[in-house]
A.B. asks: 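Handing you this structure, nothing more for now.
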There are 2 protein chains.
Amino acid sequence: MFTPTEENYLKAIYKLSGNEKEFVSTSKLAETLDTSAASATDMIQRLSKKGLVHYHKYQGVNTSPSGEKAALQVIRRHRLWEVFLVQKLKFNWNEVHAIAEELEHIKSPQLIAQLDKFLAHPKYDPHGDPIPDAEGKMAPRPTTTLNMLATGDLGKVISTKDSSSDFLLFLDKLNISLGAEIELLDYFAYDGTYSVRINHGPAITLSGKVAGNIFIEKL
Amino acid sequence: MFTPTEENYLKAIYKLSGNEKEFVSTSKLAETLDTSAASATDMIQRLSKKGLVHYHKYQGVNTSPSGEKAALQVIRRHRLWEVFLVQKLKFNWNEVHAIAEELEHIKSPQLIAQLDKFLAHPKYDPHGDPIPDAEGKMAPRPTTTLNMLATGDLGKVISTKDSSSDFLLFLDKLNISLGAEIELLDYFAYDGTYSVRINHGPAITLSGKVAGNIFIEKL
DNA sequence: AATATTATTTAGATTAACCTAAAAATAAAC
DNA sequence: GTTTATTTTTAGGTTAATCTAAATAATATT
């Protein structure tokens, strides 16, 4: 079907282009995949020839319907493996991404079907990201981040926007996990920081960057 | 460390050279790995330069100590994944080999350590083959096959010599699984077949080929 | 609007893993 | 013990995925 590299490009293009199906620039894609712009151009052209992406020279790329379908399969596999690693193998949520990056390229449909069954058909991965079903359908990603709340609002952490190991370890240190309740006490325009209470604990300060990477369901 | 292809070659060389550490011919290796003799020579020379095999032009190859260690790690990963697939994901023993061939190349030592723990440190895979521990040590492979028993002997099935899907499905049909008790009733020199009783059931006939691929512990 | 800067693509090379065909070495046959 | 057949190696080429450097297009600046 597809090589692991092709799958990685499709996934990255799909994710970067977002809900609005915006066109993704070669440089953005190359940076995401930690490769050169020349390599990205090369692969984009290969994917374009296979009809997996829409490509306009110098303008950017987009997944085509078939490319999106392929990307969603990779994302499904990735997220199911992450659930397995955390729930069954007892990994911490910051350790699973790199391993799932490898596991996601094993394409046996039976394997994924049985894994999904074994995990009791999970709907979200350990970072709160929705898992596409076998047809590629999944729950919408949340849109509200902690920094969008008004002073005095109470919210529940439902997913992380950044799932880098560093960020997740930092959240661990702050005792912020999925399901945690966060009350926004105050906003300081001067340095863009937030004063919050986590699980009804003492007031602490969060940077704007951190607050912008925590998806919240308003309560 | 090693590419998946390098690992496949090391594993094949290790297995083909057996307990006696015999030298393996290029053609045998190429046939096993379903590739050309030229490709095999190519890879043998690469592995030799890296000190992973002992190689004498036109004579054959052998794993060196470092090559053997690498091969045992791959075999360990392969067999652990097979246990997972059968015990946890409920695959039949004939379906797991191909999938484990892919999973075995994921090298995260943490992943394997946690998987091993999750599976409660299994000593044997679903075909009865011993699983090397983290240091590469494992139980010896059995030596007695069903066709070595004497008339009237009773034995227990402890592993399969051939683990091809076809053979395993055939054993399923005969109701022969690991742990089954087999009594050798008679041997017919004329066509090399055996009359046996499986789990104290009715007498049936097995070919010499089948009898030679079933490892037995004499009871 | 012309020029400078940045982004993108093309050109040309490299590496791993393969292939076929030809050459060389070993083993088998007469 | 030559000759023939087989096995193995070498030579040369291909594809996927990468790279750097050069060329071209798009964007920003003055």
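Throughout, a chain's letter reflects where its sequence line sits, starting with A, and its residues are numbered from 1.
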A.B. asks: Should we count NZ of B:Lys28 as having more than 12 external heavy atoms under 6.0 Å?
C.D. replies: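 Incorrect, the count does not exceed 12.
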
A.B. asks: Mind calculating the distance between CG (B:Leu29) and C1' (D:dT7) to the nearest angstrom?
C.D. replies: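 Nearest whole value for this atom pair: 14 Å.
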
A.B. asks: Just distance, no hydrogens or angles: give the donor-acceptor pairs under 3.5 Å from side chains in residues 135-145 of chain B, sequence neighbours left out.
C.D. replies:
residue  : atom : partner  : partner atom : Å
B:Arg141 : NE   : B:Asp129 : OD1          : 3.4
B:Arg141 : NH2  : B:Asp129 : OD1          : 3.1
B:Thr145 : OG1  : B:Asn147 : OD1          : 2.5

A.B. asks: When you check the phosphate oxygens OP1 and OP2 of D:dT7, does a side-chain N or O of B:Thr26 lie under 4.0 Å from one of them?
C.D. replies: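 The answer is no; no side-chain N or O of B:Thr26 sits under 4.0 Å from OP1 or OP2.
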
A.B. asks: Mapping A:Tyr9 and A:Lys57 onto DNA chain D by nearest heavy atom, which one lands closer to the 5' end?
C.D. replies: A:Tyr9

A.B. asks: Check this for me: does any side-chain nitrogen of one of B:Lys123 and B:Asp133 sit under 4.0 Å from a carboxylate oxygen of the other?
C.D. replies: no

A.B. asks: At under 4.0 Å between heavy atoms, what does A:Ser27 touch on the DNA or RNA strands: base, sugar-phosphate, or nothing?
C.D. replies: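 Sugar-phosphate, no base atom in range.
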
A.B. asks: Measure the distance from CZ on A:Phe2 to P on D:dA16 and round it to the nearest whole Å.
C.D. replies: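 Spelled out: CZ on A:Phe2 to P on D:dA16 is 14 Å.
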
A.B. asks: With a 4.0 Å heavy-atom cut-off, tell me which residues in residues 38-45 of chain B come close to DNA chain C, sorted by residue number.
C.D. replies: B:Ala38, B:Ser39, B:Asp42, B:Met43

A.B. asks: Need one value for A:Thr5: base, sugar-phosphate or nothing, where a base atom within 4.0 Å counts as base even if backbone is also close, heavy atoms only.
C.D. replies: sugar-phosphate

A.B. asks: Sub-3.5 Å donor-acceptor pair from the side chain of A:His127 to the main-chain atoms of A:Trp93, do we have one?
C.D. replies: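 Yes, the answer is positive, given that a donor and an acceptor are paired below the 3.5 Å cut-off.
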
A.B. asks: Could you state the atom-to-atom distance from NE2 of A:His56 to C1' of C:dT9 in whole Å?
C.D. replies: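 In whole Å, C:dT9 C1' and A:His56 NE2 are 17 Å from each other.
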
A.B. asks: Can we say B:Glu82 and B:Arg77 salt-bridge, meaning some charged N sits less than 4.0 Å from an Asp/Glu carboxylate O?
C.D. replies: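 Looking at B:Arg77 together with B:Glu82, the answer is no, because their closest N to O distance does not fall below 4.0 Å.
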
A.B. asks: Out of D:dT9, C:dT9, C:dC18, which nucleotide sits closest to the side chain of B:Thr35?
C.D. replies: C:dC18

A.B. asks: When the ring centroid of B:Phe84 is compared with that of A:Phe84, is the distance short of 6.0 Å?
C.D. replies: yes

A.B. asks: Let me know the distance between NZ of A:Lys28 and P of C:dT8, rounded to the nearest Å.
C.D. replies: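 That distance rounds to 11 Å.
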
A.B. asks: What's the closest nucleotide to the side chain of A:Ser25 if the choices are D:dA17, D:dT18, C:dT8?
C.D. replies: C:dT8

A.B. asks: Could you check B:Gln59 against A:Tyr58 and say which one's nearest nucleotide on DNA chain D is further toward the 5' end?
C.D. replies: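 Final value for this comparison: B:Gln59.
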
A.B. asks: Assess B:Lys88 against B:Phe118: is NZ or CZ under 6.0 Å from the centre of the six-membered ring, and within 45 degrees of the ring's axis?
C.D. replies: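 Checked: cation-pi criterion met.
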
A.B. asks: In whole angstrom, what separates B:Glu31's CD from D:dT6's C1'?
C.D. replies: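 Interatomic distance, CD of B:Glu31 to C1' of D:dT6: 15 Å.
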
A.B. asks: Give the rounded distance in Å between these two atoms: CG of B:Leu10 and C1' of C:dA16.
C.D. replies: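 Rounding to the nearest Å, CG of B:Leu10 and C1' of C:dA16 are 15 Å apart.
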
A.B. asks: For the pair made of NZ in B:Lys49 and P in C:dT15, what is the distance, rounded to whole Å?
C.D. replies: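 Rounded to whole Å, this separation is 12 Å.
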
